[in-house]
Amino acid sequence: MRKSLTRRERLRHRDEIENVFRRGSSYRCRGLAMKCSKNGLSWSRVLVVSPRSVGKAVRRNRLRRVGKEIFRTIKHTVLGGYDFVFVVYPGDYSFQERQEQFLRLLSDARVHIFRDRDPHHSTRPTH
RNA sequence: ACGGCAGGCCGGGGUGCCGCGCCGUAGCCCCGGCGGCAACGUCGGGCCGCGGUGAGGAAAGUCCGGGCUCCACAGAGCAUGGCACCGGGUAACGCCCGGGCCUCGUGCGCCGUAAGGCGUGCGGGGACAGAAAGUGCCACAGAAACGACACCGCCCCGCUGCGGCGGGGUAAGGGUGAAAUGGUGGGGUAAGAGCCCACCGAUCGCGGGGUAACCCGCGAUGCAGCGGUAAACCUUGCCAGGAGCAAAGCCAAGCAGCGGGUGGGUUGCUCGCCCGCUACCCGCGGGUAGGCUGCGCAGAGCGUGCCGGUAACGGUACGCCGAGAUAAAUGGCACCCCAGGGGCCGCCCGUCCGCGGGCUUCCCUGGACAGAACCCGGCUUACAGGCCUGCCGUUCAU
RNA sequence: GCCCUUGUAGCUCAGUCGGUAGAGCACGUCCAUGGUAAGGACGGGGUCAUCGGUUCAAGUCCGAUCGAGGGCU
């Protein structure tokens with residue numbers, strides 16, 4: 001499977017983003033928050049942002065890039081048909097610790113598929 | 001060798017795997033539009049390959065100056081705002097370069113008992129026009145704060161009850177203040193005072209040098225107009241029309257109009273000019289927050305050499321084409337080199353026996369400040385570490 | 001990206017033309033009350049966001065920096 005994250009798989013428009021923030025379900029843990037909602041498409045779309053309190057543009061870009069990279073490497077284990085918004089908060093975390101935060105919130109939302117299981121028989125999300 | 005100051009430059013490099021934006025290009029024939037009966041052609045998109053390319057010296061703050069776009073043209077005057085020694089550079093500037101003057105620090109020399117003064121060298125700083133056009137302000141203190149004045153004093157005359165009192169002269173000394181109407185020394189005088197003299201300062205005139213700011217020399221005037229503040233109003237000279245790429249133009253989608261004004265034309269006033277009076281403007285309400293152009297373009301462009309210039313910079317020849325996103329591309333992981341910091345075992349060298357330096361090995365960091373958003377020229381601010389040049393100081397060697 | 005506004009006591013704000021920084025609430029002590037609140041008297045508390053400049057003198061004038069808030073398709 002390709003590990004790319006193309007333009008189609010990113011959440012790009014203001015109304016779509018505001019829709020997720022307004023109507024999506026919330027999940028959060030230390031250092032990360034996630035909002036998601038169904039988008040009616042066959043694939044999932046994602047957006048990673050960092051709040052203004054993180055600091056200046058360089059630090060905020062860095063957190064967004066790490067978040068995008070994590071989603072890219074694990075996106076084949078995520079169900080299709082959802083819009084995700086990840087809000088990355090500052091903290092002294094390594095790449096692996098950040099990845100665990102993402103996997104935990106995706107599991108909490110029941111949209112995470114483990115690789116040793118057949119995707120077609122996994123439990124459907126309940127919202 | 002080390003340390004300090006000033007100026008200039010750089011701001012990690014490489015390999016592998018995975019990934020992102022943009023440009024070009026072959027393919028698939030996946031999707032849509034148009035043409036065609038069809039095969040297919042064409043345009044746009046998607047996917048998958050290949051090639052190219054991909055953050056900074058400040059990209060930052062948005063403090064100045066332009067280009068560019070729109071306001072019919074970008075016109076005149078006033079208002080308003082900005083700038084301000086002189087000359088040059090530049091598209092322009094409040095920027096840069098050179099020069100002048102003032103001021104601060106410091107070395108040397110001279111004068112002086114000293115305080116200090118003068119000359120000169122080096123380095124730093126200066127929003128540095130005008131206070132003899134006018135207005136305002138100068139708290140407290142002080143007699144008096146701008147054309148004003150006598151508190152303590154000093155001196156003369158008169159009176160006296162010998163304590164002083166009155167009239168006048170004076171501004172040297174004390175005192176107040178940030179600042180008291182030239183300074184120092186001498187003469188003079190009742191005491192004093194540019195009252196007179198010498199030197200310094202100031203003003204004016206003449207001559208010389210310099211494009212100029214200004215400098216130098218000589219002479220005259222006792223200085224009778226002279227305090228400070230224009231980053232107070234102001235005066236003089238110069239500059240500026242306004243808004244800003246969320247400018248501006250086009251396409252698609254969508255909605256609902258109502259009330260008011262007669263003028264409107266992107267700060268204010270007047271004039272001119274233009275447009276319009278089925279138009280335009282103002283207010284309330286409703287709808288849309290998508291795409292394309294602008295916008296990645298050869299440009300006040302970058303690099304190197306030569307020429308002119310003290311320099312900023314200009315000219316010329318050759319070469320090069322160097323990001324273009326839009327919830328916003330330039331990233332992630334691993335390793336090596338290099339650089340820096342820290343620790344321990346061992347080895348070597350020096351030793352004033354406190355330790356210092358080098359090698360090996362291990363760990364940490366990739367280091368600081370910081371992310372293009374229409375584009376340039378500056379300014380300001382932030383910044384780990386390193387390199388180069390010049391000057392100064394200390395030590396060692398010759 | 002562009003354009004504005006603002007920063008004064010713990011909080012909300014005054015401070016004109018430069019001349020020793022104030023008000024209300026809050027805080028402390030005392031009075032008053034059997035006690036508390038209200039009330040009264042007295043008092044403490046400020047790097048005027050930071051740095052530099054002009055001036056004899058700066059919260060005020062000028063420049064730079066930092067922070068906070070708002071608007072523009």
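Below, chain A is the first sequence line, B the second, and so on; all start at residue 1. All heavy atoms count here, side chains included; hydrogens, waters and symmetry mates do not.
Of all nucleotides present, only rU270(B) satisfies the Watson-Crick or G-U wobble test against rA76(B), with each distance under 3.5 Å. Remark: rU278(B) base-pairs with no nucleotide in the shown strands. Criterion, Watson-Crick or G-U wobble with two distances under 3.5 Å. As the counterpart of rA202(B), rU221(B) is assigned, both hydrogen-bonding distances of the Watson-Crick or G-U wobble pattern falling under 3.5 Å. Across every strand in view, rG67(C) sits in a pair with rU6(C) that passes the Watson-Crick or G-U test at under 3.5 angstrom. rG130(B): Watson-Crick or G-U partner is rC234(B), with both key distances under 3.5 Å. Checking rU211(B) for Watson-Crick or G-U wobble geometry (two distances, each under 3.5 Å) identifies no partner in any strand. Nucleotide rG105(B) is matched to rC122(B) when pairs are restricted to Watson-Crick or G-U wobble geometry with both distances under 3.5 angstrom. Shown here, rA334(B) forms a base pair with rU15(B); the pair counts as Watson-Crick or G-U wobble because both key distances fall under 3.5 Å.
The two residues Thr77(A) and Ile74(A) come nearest to each other via the heavy atoms OG1-O, 2.7 Å. Of all heavy-atom pairs between Ser37(A) and Gly24(A), the closest is CB-CA, 3.9 Å. The two residues Arg104(A) and Cys29(A) have their closest heavy-atom pair at NH1-CB, 3.9 Å.
Rounding to whole angstrom units, CD of residue Glu69(A) and P of rA334(B) are separated by 12 Å. Regarding Arg59(A), its CZ atom lies at a distance of 21 Å from the P atom of rA382(B), rounded to whole Å. Rounded to whole angstrom, the span from the CD atom of Glu16(A) across to the P atom of rG290(B) amounts to 9 Å. When the C1' atom of rG371(B) is taken as reference, atom CZ of Arg60(A) falls 12 Å away, rounded to whole Å. What separates CH2 of Trp43(A) from C1' of rG46(B) is a distance of 11 Å, to the nearest Å. Between Ile70(A) atom CD1 and rC20(B) atom C1' there is a gap of 16 Å when expressed in whole angstrom units. Rounded to whole Å, the distance from CZ on Arg8(A) to P on rC48(B) is 9 Å. The nearest whole Å value for the distance from the NE2 atom in His76(A) to the P atom in rC18(B) is 15 Å.
Heavy-atom neighbours of Arg10(A) CZ from other residues, nucleotides or ligands within 6.0 Å: above the threshold of 12. Around the CZ atom of Arg30(A), the shell of radius 6.0 Å holds no more than 12 heavy atoms that belong to other residues, nucleotides or ligands.
Comparing the P positions of rG75(B) and rC239(B) gives a spacing of 14 Å, expressed to the nearest Å. The separation of rC61(C) from rA230(B), taken at their P atoms, amounts to 16 Å, rounded to a whole angstrom. Of the P atoms belonging to rC197(B) and rU221(B), the separation is 10 Å, rounded to the nearest Å. Nucleotides rC48(C) and rC4(C) place their P atoms 29 Å apart, quoted to the nearest Å. Taking atom P on both nucleotides, rG21(B) is separated from rG33(B) by 27 Å, rounded to a whole Å. The C1' atoms of rA115(B) and rG185(B) are separated by 16 Å, rounded to the nearest whole Å. On the P atoms, rG294(B) is 37 Å away from rG367(B), given to the nearest whole Å. For the P atom pair drawn from rC22(B) and rG340(B), the interatomic distance equals 43 Å after rounding to whole Å.
Under the side-chain contact (heavy atoms from CB on, under 4.5 Å) rule, Phe86(A) has a single partner from Lys68(A), Lys35(A), Met34(A), which is Met34(A).
Nearest to the side-chain atoms of Asn61(A) among the listed nucleotides rG19(B), rC47(B), rG371(B) stands rG371(B). Listed nucleotides: rC20(B), rG371(B), rG331(B). Nearest to the side chain of Arg72(A): rG331(B). Among the nucleotides rC18(B), rC333(B), rG371(B), the one closest to any side-chain atom of Arg65(A) is rG371(B). Nearest nucleotide to the side chain of Phe95(A), out of rC333(B), rA370(B), rC20(B): rC333(B).
A donor-acceptor pair shorter than 3.5 Å can be found between the side chains of Arg98(A) and Gln101(A).
When side chains are defined from C-beta on, Asp108(A) counts as touching Leu105(A), because their heavy atoms get closer than 4.5 Å.
Every side-chain contact (heavy atoms from CB on, under 4.5 Å) that Pro51(A) has, sequence neighbours left out, goes to Ser53(A), Val54(A), Val87(A), Tyr89(A).
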Provide a list of protein-nucleic acid N or O atom pairs under 3.5 angstrom, restricted to nucleotides 323-328 of chain B.
{"residue": "rU326(B)", "atom": "OP1", "partner": "Arg7(A)", "partner atom": "NH2", "Å": "3.2"}
{"residue": "rU326(B)", "atom": "OP1", "partner": "Arg12(A)", "partner atom": "NH2", "Å": "3.4"}
{"residue": "rA327(B)", "atom": "OP1", "partner": "Arg12(A)", "partner atom": "O", "Å": "3.0"}
{"residue": "rA327(B)", "atom": "O2'", "partner": "Leu11(A)", "partner atom": "O", "Å": "3.3"}
{"residue": "rA328(B)", "atom": "OP2", "partner": "Arg64(A)", "partner atom": "NH1", "Å": "3.4"}

